[in-house]
Amino acid sequence: MSETNPAAAEAAPHRYTAALAAEIEARWQDFWDAEGTYAAPNPKGDLAGDPEVVARPKKFIMDMFPYPSGAGLHVGHPLGYIATDVYARFQRMTGHNVLHTLGFDAFGLPAEQYAVQTGTHPRVSTEANIKNMQVQLRRLGLGHDKRRSFATIDPDYYKWTQWIFLQIFNSWYDQDAQKARPISELVAQFESGERPVPGGRSWSELSSVERADLLSEYRLAYASDAPVNWCPGLGTVLANEEVTADGRSERGNFPVFKAKLRQWNMRITAYADRLLDDLDALDWPEAIKLQQRNWIGRSEGARVDFPIDGEKITVFTTRPDTLFGATYMVLAPEHPLVEKFTPDAWPEGTHEVWTGGHATPAEAVAAYRAQAASKSDVERQAEAKDKTGVFTGAYATNPVNGQKVPVFIADYVLMGYGTGAIMAVPGHDTRDFAFARAVELPIVCVVEPTDGRGTDPATWDDAFVSHDAKIVNSSGEHISLDGLNVTEAKARITEWLEREGHGEGTVNFRLRDWLFSRQRYWGEPFPIVYDEDGVAHALPESMLPLELPEVDDYSPRTFDPDDADTQPETPLSRNEDWVNVTLDLGDGPKKYRRETNTMPNWAGSCWYELRYLDPHNSEKLVDPEIERYWMGPREGMPHGGVDLYVGGAEHAVLHLLYARFWSKVLHDLGHISSAEPFHKLFNQGMIQAYVYRDSRGIAVPAAEVEERDGGYWYQGERVTRLLGKMGKSLKNAVTPDEICAEYGADTLRLYEMAMGPLDVSRPWDTRAVVGQFRLLQRLWRNIVDEATGEVTVVDTDDVDEDTLRALHKAIDGVRGDLEGMRFNTAIAKVTELNNHLTKRGGPLPRSVAEPLVLLVAPLAPHIAEELWRKLGHTDSVVHQDFPVADPAYVVDETVTCVVQIKGKVKARLEVSPGISEDELEKTALADERVVAALDGAGIRKVIVRAPKLVNIVPA
Ligand code: ANZ
């Protein structure tokens with residue numbers, strides 16, 4: 001493949017071979033490191049640098065940082081890193097101060113699991129993995145500012161993760177101001193009486209525990225006993241975002257149960273509206289915005305109170321317009337009011353299907369609750385028709401018409417959504433319809449069907465669901481909605497409910513608070529201690545970082561994956577010396593117990609962009625001036641943020657939502673000027689690979705498969721080929737190291753960028769890599785004499801017109817393509833130019849060779865640096881100006897086409913030499929002189945000789 005023929009090597013000792021590429025690449029990588037070529041200066045601080053560079057426009061370009069796994073990289077991993085590197089290099093060459101670096105996201109489950117399996121400390125294996133990855137990445141020639149790199153496990157870094165946690169803990173969301181404020185300001189409001197203390201007592205009358213409990217209702221980070229996702233198989237609780245649609249753990253695929261456990265939460269729901277609204281101004285793929293919108297799930301509707309025994313049940317509905325059709329109510333089985341309203345005996349004449357055969361309502365409720373507890377939320381919400389439930393024996397009153405409606409419990413209503421109670425409108429809600437049919441409840445039509453089924457629900461097979469129809473059967477003593485459309489009726493009834501005190505318009509969100517504790521060792525410890533009353537206290541900043549203790553047993557306690565009744569145990573709790581401490585938190589030494597949960601692995605990636613800006617600052621997480629310089633709001637970026645963030649689409653609702661939330665809190669508290677972390681987001685595609693399987697379906701080593709006779713063969717046996725993921729388990733992983741050894745990093749970079757548009761997934765094909773190697777060989781040969789190693793360019797102003805056109809068109813095209821991240825078409829244009837020059841032959845004029853090298857520089861930086869120096873330059877190619885096309889050579893050259901009618905010249909047209917016959921005919925017939933000359937006469941025949949002649953024969 002690469003040059004191994006000894007005779008050829010002797011004839012051309014300076015040919016671009018893999019060996020030469022390796023030598024060039026290692027040499028320039030060392031040089032760049034030594035010179036700090038990619039250092040991006042800050043306006044101030046320890047990374048302050050050349051004010052002239054700082055005065056330029058800036059670009060902050062970022063990758064989703066890697067998790068340092070033990071398997072190392074395959075060629076799929078660096079796709080995005082190469083792309084951002086090409087883009088960053090182009091930006092440097094177009095006059096920007098570019099910040100581009102890469103850190104490591106190094107806390108989390110895999111390191112811990114690996115550590116448990118092998119008995120090595122997670123820090124040891126993680127640091128080894130980081131080293132290994134750094135070697136692999138360095139080999140690719142990525143232009144990172146290494147002074148700014150860090151790992152999330154560095155105590156200097158997680159000190160600030162803990163500090164941010166405390167900022168969140170020590171703040172509350174002021175609904176009036178629509179922003180987070182310090183909790184001390186809330187305390188002041190309670191103290192002064194400006195804000196009444198619920199329950200009627202004054203702040204000074206509350207005990208420390210009562211005060212802590214009250215503040216906990218407001219804090220943006222708070223501990224609560226709400227039901228959480230407990231995964232015995234992993235031994236930890238999980239955030240909603242980490243649970244799959246079928247109620248299992250995203251990692252490990254274990255069952256997840258709802259359990260009541262005291263856990264830390266982040267009040268992300270306070271930001272639901274802003275998280276939605278601010279999406280609009282972000283330059284993100286629409287698909288990701290949509291996923292976030294759906295996850296946040298804003299529903300407009302109303303809360304309606306149904307009186308019952310002098311109290312009320314409040315429901316959330318998106319369809320208050322259907323209130324006249326509410327013929328029963330359903331509470332979630334766990335709803336706290338169920339016991340309260342359940343009577344001792346069934347009311348007279350209660351239907352058998354309503355009681356489920358139980359002797360008393362209490363018995364029916366208990367039996368049903370037990371059954372519901374064993375199902376996941378997803379199972380409960382499944383579209384299957386068999387909706388189950390039982391009557392509680394209680395009746396409430398529909399406020400709009402005074403009708404008594406029976407109250408049921410049914411598991412299709414979830415406790416965690418809305419108010420955990422619904423008004424059931426079986427005529428117009430499919431789930432309610434199914435349930436009403438199953439237990440013989442009345443169904444009323446209040447929205448006139450537009451599909452011809454008529455208004456008698458007895459004849460229907462399903463609910464009639466429409467937002468665009470007329471309201472009927474909805475007149476009462478106090479209000480009538482009849483004849484209104486759905487939207488008008490919603491407005492009218494909401495206004496009535498509010499006026500009469502029966503409810504109010506409201507917005508409900510699907511988003512839940514973010515469960516923030518994990519029962520793991522390998523994560524950031526919480527900077528929280530508990531006093532003897534169990535009240536949580538923040539550690540003062542001076543005690544940060546709170547380092548992870550060195551322990552012997554860091555393994556999580558896992559359980560039978562199916563045993564929902566287990567309880568998590570935190571590894572840190574086994575370490576009594578660390579857990580029990582005497583601290584002086586300002587009021588003298590006292591005994592405390594440390595929080596023993598750790599933070600989820602998302603914490604470290606929630607704010608890392610900020611630390612890249614000012615990585616060594618020991619006073620602040622980031623200096624405000626430096627943050628404003630790199631990330632502050634500016635034209636077109638009203639919330640500020642990173643200029644370009646590239647990574648996989650799988651992070652749509654986890655990392656990207658959490659990071660946005662933390663940015664907003666830090667922004668509200670005045671620590672940063674940006675209110676969004678990432679202004680532009682780009683999702684790269686995946687590099688896929690062929691998976692070859694034998695007749696048993698077992699993957700065979702892809703590298704050893706032969707293609708012949710239209711089939712694929714492995715050790716004499718025919719195998720099948722399918723496109724799949726790349727990885728060790730499928731025996732098709734190709735490492736960047738292999739490709740670098742075979743051809744060099746520049747070839748690998750070009751190949752990955754040339755495979756297709758960056759956002760599209762593409763199959764890897766090792767055999768095709770050589771094509772890009774040949775391009776670099778021809779480029780080299782166009783500038784360097786392979787026998788002597790000397791450059792062959794000549795200093796002359798005399799350049800042929802064809803070459804000037806080819807050059808300037810390439811400059812123009814490549815510039816646009818690199819700016820637009822169309823790296824594949826940029827490479828096609830470089831190839832076309834290079835082919836033109838190869839065909840042209842002869843020594844290249846310097847005025848052509850130099851821009852050619854500059855065009856290549858962002859894509860294949862090592863060979864470009866080498867050629868640039870060979871061309872006599874003493875400064876790096878990295879900071880040269882990218883060439884600018886001369887427009888005179890970019891516009892297409894034209895030829896004159898003569899248009900004749902009956903042999904007489906009527907017009908002359910300037911057209912492109914490559915114009916098609918069809919297009920030329922159309923252009924000629926549309927020309928106004930031709931139209932005038934024809935004067936409405938029909939056409940018998942048109943003879944076209946592109947590009948020079950059109951002859952029209954009128955009818
Ligand atoms: C009456 C009604 C009539 C409803 C109708 C729908 C159609 P989204 O859009 O997802 O917000 N609902 C409310 N809380 C619920 C809970 N905890 N568990 C299950 N279902 C619940 O859905 C809101 C609608 O879902 C609400 O509007 C309520 O049913 C139901 F023709 O109220 B509706």
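We count ligands from 1, going down the list as the structure has it; atoms in each ligand are counted the same way. As the structure is a computational prediction, the values presented were derived from the model and not from experiment.
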- Given that the side chain starts at C-beta and the backbone is N, CA, C, O, which of these parts of Thr317 lies under 4.0 Å from ligand 1, counting heavy atoms, or is it both or neither? both

- Note on the structure: Near Phe316 (heavy-atom distance under 4.0 Å), the atoms of ligand 1 are 11 (O), 13 (C), 26 (C), 28 (C)

- Does Leu414, backbone or side chain, put an N or O under 3.5 Å from an N or O of ligand 1? yes

- Please verify whether a non-hydrogen atom of Met415 lies at under 4.0 Å from ligand 1. no

- Will you find, in the side chains of Thr570 and Asn597, an N or O donor that is under 3.5 Å from an N or O acceptor? no

- Query: Under 4.0 Å from any heavy atom of Val425, which atoms of ligand 1 are there?
  - Reply: 1 (C), 3 (C)

- Query: Which bit of Thr322 is near ligand 1, meaning a heavy atom under 4.0 Å away: side chain, backbone, both or neither?
  - Reply: side chain

- What pairs with Trp607 under side-chain hydrogen bond (donor to acceptor under 3.5 Å, both in side chains), at least two apart in sequence or on another chain? Tyr157, Thr161

- Message: Give the atom numbers and elements of ligand 1 that come within less than 4.0 Å of a heavy atom of His428.
- Response: 5 (C), 7 (C), 31 (F)

- Message: Tell me whether Asn508 reaches ligand 1 (any heavy atom closer than 4.0 angstrom to a ligand atom).
- Response: no

- Query: Looking only at non-hydrogen atoms, which of Glu300, Arg510, Arg431 approaches atom 30 (C) of ligand 1 most closely?
  - Reply: Arg431

- Query: Which one of Thr455, Ile471, Asp468 satisfies the side chain to side chain contact (heavy atoms under 4.5 Å, CB included) criterion with Val447?
  - Reply: Ile471

- Query: Backbone or side chain, does any N or O of Tyr417 fall under 3.5 Å from an N or O of ligand 1?
  - Reply: yes

For a quick test of your reading: what N or O donor-acceptor pairs under 3.5 Å do the side chains of residues 647-657 make, sequence neighbours left out?
| from | atom 1 | to | atom 2 | distance (Å) |
| --- | --- | --- | --- | --- |
| His655 | ND1 | Ser605 | O | 3.4 |
| His655 | NE2 | Tyr645 | OH | 2.7 |

- Numbered atoms and elements of ligand 1 in range of Tyr412, under 4.0 angstrom, heavy atoms: 18 (N), 19 (C)

- Item | Centroid-centroid under 6.0 Å between Trp346 and His358 rings | no

- Are the charged groups of Arg437 and Asp461 less than 4.0 angstrom apart, N to O? no

- Item | Smallest separation among heavy atoms of His428 and Trp460, with atom names | CE1-CH2, 4.2 Å

- Hey, is the main chain of Phe169 close enough, under 3.5 Å, to the side chain of Tyr222 for a donor-acceptor pair? no

- Item | Arg660 with Glu676: basic N within carboxylate O range, under 4.0 Å | yes

- Examine Ser299 against ligand 1 and note whether any of their N/O atoms are separated by less than 3.5 Å. yes

- ligand 1-proximal atoms of Thr318, by part, heavy-atom distance under 4.0 Å: both

- Query: Under 4.0 Å from any heavy atom of Met423, which atoms of ligand 1 are there?
  - Reply: 1 (C), 32 (O)

